[in-house]
Amino acid sequence: MTRQSCAYERRPLNTSSLPWRRQPGQQILWIGCSDSGCNEPENLGASRDEVFEYRNLGNILVDDLSWNTTLRYAIASLKIRDIVICGHYGCEIVKSTPNTGLSGPWSSILDRLRSTYHSTLDGVSEKEQNRTLVELNVLEQKRAMSRVPEIAEAVEQSDLKIHSVVHDAAARSGYQLIEPDR
């Protein structure tokens, strides 16, 4: 089994200079978790009219009709140029212990993350493991999205940016997750 380090920076978001704010009124595709229980886009400075929102279990992108249709509509029809993948601390889906209610691809993706980053997650409290796994999942979903041919081409042409974000509901704030260039 491959082990990886998890080098990334967690940068506090400042609502006055959000990285996805290139032009006022420009829409973003917001990918969030279906169990978050709060309005992350608004809490993190995006107005309702700027957000085309897609929610899924644990903000995990699964290759299915719903996700593929959403993505293609956002890129081709809405001409979205910024995608925000947003996880949240306290997620009941993305946890350090397996969720017996999950099956199929969601369970497999999380099991693979736990296995890959086992050494990173060992030795810290369960709360910290869960928070770290939420962050690692967001980064993994960004990597997975970057491998979609249409997305990779748009990113390469500088027409599209993908942002990794984690929302902290207790603090009503968020963090942008930034990985070193690969």
Side-chain angles (χ1 to χ4, degrees), residues 6-89 91 93-94 105-106 109-110 112-113 133-169 173-182:
C6 57
Y8 59 92
E9 179 186 350
R10 186 179 14 218
R11 187 178 296 165
L13 284 173
N14 177 345
T15 56
S16 64
S17 61
L18 296 170
W20 53 82
R21 278 271 167 92
R22 290 198 246 174
Q23 296 174 344
Q26 183 176 339
Q27 278 196 305
I28 59 174
L29 172 58
W30 190 280
I31 301 165
C33 180
S34 56
D35 93 325
S36 72
C38 62
N39 188 353
E40 302 97 337
E42 209 168 273
N43 287 350
L44 298 177
S47 65
R48 286 201 175 276
D49 63 337
E50 295 175 332
V51 177
F52 181 59
E53 200 167 353
Y54 179 81
R55 292 193 178 263
N56 196 342
L57 294 171
N59 54 276
I60 296 172
L61 305 175
V62 175
D63 189 15
D64 66 5
L65 181 61
S66 176
W67 165 241
N68 288 321
T69 303
T70 299
L71 182 62
R72 283 172 181 72
Y73 177 73
I75 301 301
S77 297
L78 297 178
K79 307 291 186 215
I80 284 177
R81 297 297 171 233
D82 288 281
I83 298 174
V84 177
I85 302 173
C86 183
H88 65 99
Y89 297 134
C91 184
I93 295 163
V94 180
W106 294 274
I109 289 167
L110 291 175
R112 192 169 41 253
L113 265 179
L133 197 62
V134 164
E135 293 169 359
L136 293 170
N137 179 55
V138 168
L139 292 168
E140 179 58 32
Q141 298 315 306
K142 179 181 178 183
R143 286 183 220 114
M145 181 180 290
S146 298
R147 291 188 294 266
V148 173
E150 299 94 332
I151 298 294
E153 183 180 329
V155 168
E156 188 174 303
Q157 295 173 359
S158 298
D159 289 338
L160 180 67
K161 291 191 184 298
I162 306 170
H163 310 278
S164 306
V165 173
V166 175
H167 182 249
D168 185 342
S173 65
Y175 301 94
Q176 183 176 14
L177 306 176
I178 301 168
E179 288 186 287
D181 289 334
R182 294 174 169 245

Could you report the tightest heavy-atom contact between [X] and [Y], atom names first, then the distance?
{"X": "Gly58", "Y": "Cys33", "answer": "N-SG, 3.4 Å"}
{"X": "Ala7", "Y": "Pro180", "answer": "O-CD, 3.2 Å"}
{"X": "Ile31", "Y": "Met145", "answer": "CD1-CE, 3.2 Å"}
{"X": "Leu160", "Y": "Ile151", "answer": "CD2-CD1, 3.7 Å"}
{"X": "Leu61", "Y": "Ile109", "answer": "O-CD1, 4.4 Å"}

With side-chain contact (heavy atoms from CB on, under 4.5 Å) as the criterion, how do Glu140 and Leu113 come out once you've worked through the C-alpha distance, each side chain's angles and the decisive distance to 0.1 Å?
CA-CA 8 Å; Glu140 179 58 32; Leu113 265 179; 4.1 Å; yes
Only pairs at least two apart or in different chains count here, so list each ring-ring contact (aromatic ring centres under 6.0 Å, His included) that has a residue in residues 32-62.
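Every ring-ring contact (aromatic ring centres under 6.0 Å, His included) pair that includes a residue of residues 32-62, provided the two are not neighbours, is Phe52-Tyr73, Tyr54-Trp67.
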Residue pairs involving residues 136-156 (criterion ring-ring contact (aromatic ring centres under 6.0 Å, His included); sequence neighbours excluded):
none
Passing option when Trp106 is tested against Ile93, Val94, Asn56 for side-chain contact (heavy atoms from CB on, under 4.5 Å):
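In the set Ile93, Val94, Asn56, the residue that makes a side-chain contact (heavy atoms from CB on, under 4.5 Å) with Trp106 is Asn56.
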Partner residues of [X] under the side-chain hydrogen bond (donor to acceptor under 3.5 Å, both in side chains) criterion, sequence neighbours left out:
{"X": "Asn137", "answer": "Gln141"}
{"X": "Asp35", "answer": "His88"}
{"X": "Arg11", "answer": "Glu9"}
{"X": "Tyr175", "answer": "none"}

Nearest-0.5 Å distance, [atom1] of residue [X] to [atom2] of residue [Y]:
{"X": "Leu78", "Y": "Ile28", "atom1": "CG", "atom2": "CD1", "value": "12.0 Å"}
{"X": "Lys142", "Y": "Tyr8", "atom1": "NZ", "atom2": "OH", "value": "13.0 Å"}
{"X": "Ile162", "Y": "Arg143", "atom1": "CD1", "atom2": "CZ", "value": "12.0 Å"}
{"X": "Leu57", "Y": "Arg55", "atom1": "CG", "atom2": "CZ", "value": "12.0 Å"}
{"X": "Arg10", "Y": "Ser164", "atom1": "CZ", "atom2": "OG", "value": "13.0 Å"}
{"X": "Leu177", "Y": "His163", "atom1": "CG", "atom2": "NE2", "value": "12.5 Å"}

With a 4.5 Å limit on heavy-atom distance, are the side chains of Leu139 and Glu179 in contact?
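Heavy-atom side-chain distance check passes, below 4.5 Å.
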Do Val138 and Asn59 have side-chain heavy atoms sitting under 4.5 Å apart?
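Result yes, sub-4.5 Å side-chain heavy-atom pair found.
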Could you give me the CA-CA distance, side-chain angles and deciding distance for Val165 and Ile85, then say whether side-chain contact (heavy atoms from CB on, under 4.5 Å) is met?
CA-CA 6 Å; Val165 173; Ile85 302 173; over 6 Å; no
Once side-chain contact (heavy atoms from CB on, under 4.5 Å) is applied, do any residues pair with Ala169, and if so which ones, sequence neighbours excluded?
Cys38, His167
Partner residues of Ser173 under the side-chain contact (heavy atoms from CB on, under 4.5 Å) criterion, sequence neighbours left out:
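With neighbours one apart ignored, the set is Asp168, Ala171.
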Apply the test side-chain contact (heavy atoms from CB on, under 4.5 Å) to residues Val148 and Asn68: give CA-CA distance (whole Å), side-chain angles for both, the deciding distance (0.1 Å), then the verdict.
CA-CA 10 Å; Val148 173; Asn68 288 321; over 6 Å; no
Salt bridge (Lys or Arg N to Asp or Glu O under 4.0 Å) partners for Glu150, two or more places apart
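Counting only residues at least two positions away or on another chain, Glu150 forms a salt bridge (Lys or Arg N to Asp or Glu O under 4.0 Å) with Arg72.
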Pairing residues for Glu156 by the salt bridge (Lys or Arg N to Asp or Glu O under 4.0 Å) criterion, not counting sequence neighbours:
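Salt bridge (Lys or Arg N to Asp or Glu O under 4.0 Å) check on Glu156 returns nothing, list empty.
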N/O donor-acceptor pair under 3.5 Å between Lys79 side chain and Ala76 backbone:
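Checking the backbone N and O of Ala76 against the side chain of Lys79, a donor-acceptor pair under 3.5 Å is found.
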